[in-house]
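Within every chain, numbering begins at 1; the chains are lettered A, B, ... in the order of the sequence lines, protein sequences first and strands thereafter.
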Amino acid sequence: MDVSESGLRNVAKRIYDEVHGYIELSEVELDIVNTSIFQRLRYIRQLATAWYVYPGATHTRFSHSIGAMHIAGMVSSKFYRLGYIHDPDDVQLLRLAALLHDIGHTPFSHAIEPFFRYRLGINHEEISRVTIEESPEIKDILSKHGFDYREVIAVLEGRYKEPLYNQLLSSDVDIDRMDYLIRDALHTGVAYGTIDLHRLIATMAVDGEGNVAILDKGVDAVDNFYLARMHMYKAVYYHKTLVGYELILRRIYEQLSELYSDEPLLFKTMRDIVKAIRSGDIVYWNDDWLIGFMMDVYRSRSAPKQLKELIEAFFKRRGYKVIIDVSNFSNDPLDVESDDDVKQIQSIEVSIKDIVEPHQIVSFVDDIKILDEDPHVVPRIVFTGKRSIPITECTTSIVKYVPRRYHVKRLYVITSKWGRVVEELRLKGLLS
Amino acid sequence: MANKQLALVIAKIISDIGLDNVDVGSFDFRIVVQKIGYILQKVGCDVGLRFGWYSLGPYSRTLQNYYNTVAVLLPRVKHCDSIDFGTDLNACYEKTVAFLKEYVKYVGGVDLKSLEVLASLIMVCQDIYPIPTDPVNELLRRKERLTKDFVEKVFRFLIDKNICPQKQ
């Protein structure tokens, strides 16, 4: 059966996308895009608070989801033509999984998600699962068009019976990253963050073990992918100011959650989320709701002074400002307990406790993997026939020289106290 | 970043079943950590890991953060007869080690491949979707280098343990 380059047999609509140009949608995709639960993604920005640093970074999970679906179509239709995918319905299944992969994102995406993950034990993938399971809209549409919603969930969770599909959706060089790297580079203007998507796809293959692999002539495109990713981590995703605004927003959200338990969209448990999905209230759980709620709290007389201070700092762009940044690239995992830089940050944090209040200071330590050097997910390069080797062992690739990790080690202080703290640290000889 | 107690349990199990000779800097070591982590979660207790189905079998992205810690702990646990992992993990560890020791005895030794087959077959029987009607052939279809006799043998072990269902 014929499928187009986008992987579709019938096109119901075309949407113009700033990255990929016209994107074709099938009937089932159009029906899903038109649900209120999917439209919620129009109100969740892809890069949370990045627009505080890059004014153009206001693109949304909506456009990224449609872009990821488009790439899923390009890759899977190619694999269908090459005989690695046998059923054209599987092309549609992969497109649907890509379309729905971010359906469970929290407001302000990665800024708030750690609160859900570490405080409530819920991550956005689980919210995606329950959204598909519990939303009558999504389930009915999938069923009406002959798709089993459990198959879509299985692909999203990487449990689908075909490991190849799981790799396409979740591995080191996957569909999600292929879209967001280009989209984020475009909207931030970080020119060295972009990738050669068409070369990557043109050289994609499947090796003898059933792994997604790249032909040796595509090595340069993979090299570029990793370099772009490394630059984007440093220049965008872990940019010092951007992280500062994510941290202040997270702290505001934590306090709102503690103090305003009667607000129905400040979920405490997965049961609350399920309830909101069933009632339809989940569609209002987005960036704009949170901004509005923060504004209401800021204006109320009863709100605690500290919370008002944080909200005001957020709105007036006077949030956490970095005071110490000893981040570095490394090839080894960060050992937080023995790292000298982390110890120094902790001791400085203690030394300024008398001039800043607890809500005015925050440390940020993270160990970011630039390359998933793992046999299960590392990209493989095919040289002859079906034999492949991990790109980290490929002598014609520069990936082996790319640092494996980015250790982020910073201390932030609220802008209003920044000058005072700098002065104090200089007096103590702790800052040059 | 790794949970030290969980890393300690994984290291001790690797040591107990005799796979501590695998080079900790190799891809093989990472496969061992992944498969032991999966078996621990399926046979011992839920340690909160999420596994996907890949061509090398079950894989958890979270466990990537454990490779280094497990490698550092391995030589330390080697000569420890008993370690207190905490109330919950103690039972979990004992159940997993007993299961694996029985498996080692059943197949006559353990290596990377037999561990991968064991973990993969558990995943095929319990976690992948759509659920295959014939787990043995499903696995053989993915891993052509395996022999049918061996996979069937492991399958019978798992039926015996009520982990895999009897063939239809």
Determine the minimum heavy-atom distance between [X] and [Y], stating which atoms define it.
X        : Y       : value
A/Val377 : B/Gln64 : CG2-NE2, 4.0 Å
A/Pro163 : B/Ser55 : CB-N, 3.7 Å
A/Pro375 : B/Leu56 : O-CD1, 3.6 Å
A/Asn166 : B/Trp53 : ND2-O, 2.8 Å
A/Glu373 : B/Phe27 : O-CE1, 4.0 Å

Checklist entry - Any side-chain heavy atom of B/Arg30 sitting closer than 4.5 Å to one from A/His376? => result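 Not in contact.
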Item to check | 4.5 Å side-chain heavy-atom contact, B/Tyr54 and A/Ser170 | outcome: yes
Checklist entry - Got more than 12 heavy atoms from elsewhere within 6.0 Å of NZ, B/Lys95? => result no
Checklist entry - Do other residues, nucleotides or ligands put more than 12 heavy atoms under 6.0 Å from B/Ile131 CD1? => result no
Next on the checklist: Quick check on B/Phe51 against chain A: is it the side chain, the backbone, both or neither that has a heavy atom closer than 4.5 Å?
Outcome noted: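 Just the backbone, heavy atoms under 4.5 Å.
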Item to check | Winner by heavy-atom pair count (cut-off under 4.5 Å) against chain A, out of B/Pro130, B/Pro58, B/Gly48, B/Pro132 | outcome: B/Pro130
Next on the checklist: What part of A/Asn123 gets within 4.5 angstrom of chain B, counting heavy atoms only: side chain, backbone, both, or neither?
Outcome noted: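 Side chain of A/Asn123 only, per the 4.5 Å heavy-atom cut-off to chain B.
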Checklist entry - Considering only heavy atoms, which portion of A/Asp372 lies under 4.5 Å from any heavy atom of chain B: side chain, backbone, both, or neither? => result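 Contact with chain B: backbone and side chain both.
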Rounded to the nearest 0.5 Å, what separation is found between the [atom1] atom of [X] and the [atom2] atom of [Y]?
X        : Y        : atom1 : atom2 : value
B/Asn65  : A/Lys369 : CG    : NZ    : 4.0 Å
A/Glu162 : B/Ile128 : CD    : CD1   : 8.5 Å
B/Arg61  : A/Asp374 : CZ    : CG    : 10.5 Å
B/Gln126 : A/Arg159 : CD    : CZ    : 12.0 Å

Checklist entry - Are the side chain of B/Arg142 and the backbone N or O of A/Lys161 linked by a donor-acceptor pair below 3.5 Å? => result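 Yes, the answer is positive, given that a donor and an acceptor are paired below the 3.5 Å cut-off.
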